[in-house]
Amino acid sequence: MSGKLLIVDGNSILNRAFYAFKGSAMLSTSEGIPTNAVYGFLNILNKYIEEENPDYIGVAFDLKAKTFRHLMSEEYKATRKGMPHELAKQLPIAKDVLKAMKIAILEKEGLEADDIIGIYSRIAEEKDMAVSILTGDRDALQLVSDRTTVIIPSSSKGKTETNRYDPGMVREKFGVEPVALIDVKALMGDQSDNIRGVPGIGEKTAIQLIQEYGTIENLYEHLDDIPKERIRTLLREGRESAFLSKKLATIIREDEGLSELEPLKRQEMDREALYRLFLELEFNSLIRRMGLEQPARQEAAETVSYPIAEVTSEEELRKIVSQLNRKKELALYAMIEQTGRIGGVMTAICMGWEEQLYFVRTGERIGEPELAKLLSPIFMNRELKLICHDVKPLYTWLLSYGMDLECELFDPMIAEYLLDAQAGSYSLDRLAQRHLNLAPDLPEAFRGTAKQRFSDLSREELLCASGKVTSLLKPIYERQSEKLDNSEMHFLYHDVELPLALVLGSMEYYGFRVDKDALEEYGGMLERRIKSLEQTIYMLACEEFNINSPRQLGVILFEKLGLKAVKKTKTGYSTDAEVLESLADKHEIIPCILEYRQLTKLKSTYAEGLIKVIHPVTGRIHSNFNQTVTATGRISSTEPNLQNIPVRTELGREIRKVFIPEEGYVLVDADYSQIELRVLAHITGDETLKTAFRDGVDIHTLTASQVFKVPMDQVTPDMRRSAKAVNFGIVYGISDFSLAKDINVSRKEAARYIEGYLNTYPRVKQYMEDTVRNGQEKGYVETLFHRIRHIPELKSSNFAVRSFGKRVAMNTPIQGSAADIIKIAMVRVWRELKKRKLKSRLILQVHDELLVETWEDELDEVKDIVRVGMEEAVALSVPLTVDISVGRNWYEAK
DNA sequence: GTGGTAGA
DNA sequence: TCTACCAC
């Protein structure tokens, strides 16, 4: 039996980092510590080991967040000053820890086991950490060695494998025999969450128990049989055990059984494990810095990879298609690039199911249009389920060849988004990692992130990599299906998100026509006004400077012109609109700067930004609609973002005049009226709100009337404005702090408004409380259609983080349900337009608004389709009303 | 609250 | 990366 010392933290990330660094010294920290701090420690410690103690023996030790913060406190503030980089800030602390280690190590000539083991406790003593470890935190010090004690954390019930410590696993994995088990939280006097519901087993009694039951497994099995009375005794002992634990840490010093140092020698860093870990955690810059990009190939043995054959003639392909077409399910991976061509370019495609995969490269033998046509029987086969990761580009590609897609679909990317909307990345290799624990070695083009194109790769590379990824589809599909089937998201997935991918694909395909000349003229007009404003500003400042630089502007305003700085940012003076507005009457330069800001924003982001993305062939803007980005279920739009085209100011709104329909078409714009507040009324069941919406009462005036306790007809515009802001705040779940900023009152005043609101609508208040509690219990909240959002922040010990979690918990069901509803409406409208074979098409969604480019002859029909599609998307206890307007450009149609 | 983009 | 600002 080896004499390994292992300190296991409940924090799975760091556990795994420890394994990756096995043999290296490791300083792990708890939640709340910046990852680069962890990295910094690792780096420094490793360096130290390499340079000064090559034979240093692996020690992991664990600094609790509180201790860490303590170390970060006063005494270090001074040293941190002036250090340029985050990492540098951590240096003094790391050095200090090192110093402690050095003392421990170098005090004696040679290295001896008890020194190594003792380091931890010495540091703990020197830094007053023992207290923190034993009583100051809910986690605990956990040691494993052959003669010492296994402390099983209460997170042994945890879901992740790294957290699941049971005696058998300890024995197998660490080669040590556990002699006792201690529930850590019970030690801390926390009875809420103990091993299998048994409160606090003190170490001493635990040993007795094990002796009684022979083995730990046996004890586990009979935990429920232990009499309640005895459990109470154990609980009392729990506190004593805490002090025992401290002894445990020192007992080892005298343990001669640890003289065998060989197994503790430093080993090579496990670069692959580290690579996989960093990949999963998206520590991309760390991967780069540590040069982990090309981990040694490791996956070959365990990667599912089916045989693959290349298809090189149309005739052959036709045969294979008819053969594949008889299958129930088919995995397909399309190597499509978004290029200048609308619909993208398909370099190759790979498809098949388990026993055999087929690879087709487009080119002279089989052209893209021919390929689209040849594959069509599969795409139109409603009896077949196509497993396709990211189906949207495949659909736009098909549209560009006049083809359609009507088979059943399964898209792992979308499935994963529903399972975890905050996962960040949904590329296939990440899915393989999450579901299959595989780290396939793939060219960058297959990993979604890189600039590399499929067409940059050789035939062999494409064949090999696409075979790998296509093989992944089936097992991923099976695992995701199981998870989805166990959830309530079936409807959302099959009837909303999957068809929506096609809707978005067609929206991207059609794009939005733009009058380029008008846009250029608009830009020119802005340019002229900016130039003249610029001169005025230089004159008023008596010097030329870069107005776009908040830094330079800050110097001019607050140093040269002597204006009073109201607010600061991390790097200097704040010059945001809020600050400038408060200074508006202090100096005539201020209004000029505000106007300059507005004009340059319009010019650079909108005028120039939009011109850049007009497609030279279609003359239209083909925005990219992303379905898997937002945590709430909303869609996002990029390159350009068409969901934030100005509307509030007249000058900004003018831009909408350049968004025009095709010849013979008009724009139909339909937007939900107050959809979030209606969702709120429905979810909370508040009668006042429901009646108001049924009667078509102005909701902000109503709120004002009720909160300020005046009759409806005596509500002043000011009162209405405040009420509107409060409604706004409720919908978006903003804090009293942000509300105060929005309506320019004190934070206390804002808090009173919110309180007044909640007292006016007790059902809303009840809902808010219920949702938060529910979220805390389950760890997630859900929308009307069971879209879930995990909110780990609710469990944070940090007030600000927890408050954020609460607001998110209150807001997400509202915003998310509204997102669900408009998505349902989009699918309905799109399907109806398609079914009736109309020329009109859905081209844009802006959260509560749909835009249909409408063939003039179809105007009445389209208005009807849109109204019904949206208003009847879902039956709530309040009506959903839609305002529709028609125009020859977007400006007119709003 | 949720996003995206531009400029320094 | 930070600051600022556009939308719902």
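In what follows, chains carry the letters A, B, and so on, assigned in the order in which the sequence lines appear, proteins first and then strands, with residues in each chain numbered from 1.
- Under a 4.0 Å N-O distance rule, the pair A:E595/A:R529 qualifies as a salt bridge.
- Residues A:K741 and A:E749 are not paired through a salt bridge, judged by the lack of any N-O separation under 4.0 Å between the basic side chain and the carboxylate.
- A salt bridge links A:R620 to A:E853: at least one charged side-chain nitrogen sits closer than 4.0 Å to a carboxylate oxygen.
- Aromatic ring centres of A:Y732 and A:F728: separated by under 6.0 Å.
- Checked for salt-bridge contact, A:K894 and A:E849 meet the test: a charged N lies under 4.0 Å from a carboxylate O.
- Under the 4.0 Å criterion applied to side-chain N and carboxylate O atoms, A:D736 and A:R752 are not assigned as salt-bridge partners.
- Salt-bridge formation is detected for the pair A:K531/A:E527: a Lys NZ or Arg NE/NH1/NH2 atom is positioned less than 4.0 Å from an Asp or Glu carboxylate oxygen.
- Note on A:S574: only backbone sugar-phosphate atoms sit closer than 4.0 angstrom, heavy atoms only; bases stay farther off.
- When DNA chain C is scanned 5' to 3' for any atom under 4.0 Å from a heavy atom of chain A, the first and last hits are C:dC2 to C:dC8.
- Protein chain A contacts DNA chain B over a range whose 5' and 3' limits, counting nucleotides with an atom under 4.0 angstrom from a non-hydrogen atom, are B:dG1 to B:dA8.
- Annotation: side chain of A:R789 is not in contact with side chain of A:E782 (no heavy-atom distance under 4.5 Å).
- A:A577 comes within 4.0 angstrom of the backbone, heavy atoms only, and of no base.
- Between A:K392 and A:D411 there is no salt bridge, since no side-chain N of the basic residue sits under 4.0 Å from a carboxylate O of the acidic one.
- A:R653 comes within contact range of no nucleotide atom at all, as no heavy-atom separation falls under 4.0 Å.
- Ion pairing between A:K567 and A:E578 holds under the 4.0 Å rule for side-chain N and carboxylate O.
- Using a 4.0 Å heavy-atom criterion, one finds that A:T575 contacts the sugar-phosphate atoms exclusively.
- A:R597 comes within 4.0 angstrom of sugar-phosphate atoms only, judged by non-hydrogen atoms across all strands, and of no base.
- Across the interface with DNA chain B, nearest-nucleotide mapping of A:K601 and A:E608 shows A:K601 to be the residue nearer the 5′ end.
- Residue A:L602 is classed as having no contact, given no heavy-atom separation below 4.0 Å to the nucleic acid.
- Between A:E497 and A:K823 a salt bridge is recorded (basic side-chain N to carboxylate O distance below 4.0 Å).
- The residue A:E676 sits apart from the nucleic acid: no heavy atom pair falls under 4.0 Å.
- Contacts between residues 624-637 of chain A and DNA chain C, defined by a heavy-atom separation below 4.0 Å, involve A:R634, listed by number.
- Counting non-hydrogen atoms under 4.0 angstrom, A:Q643 reaches the backbone sugars and phosphates but no base.
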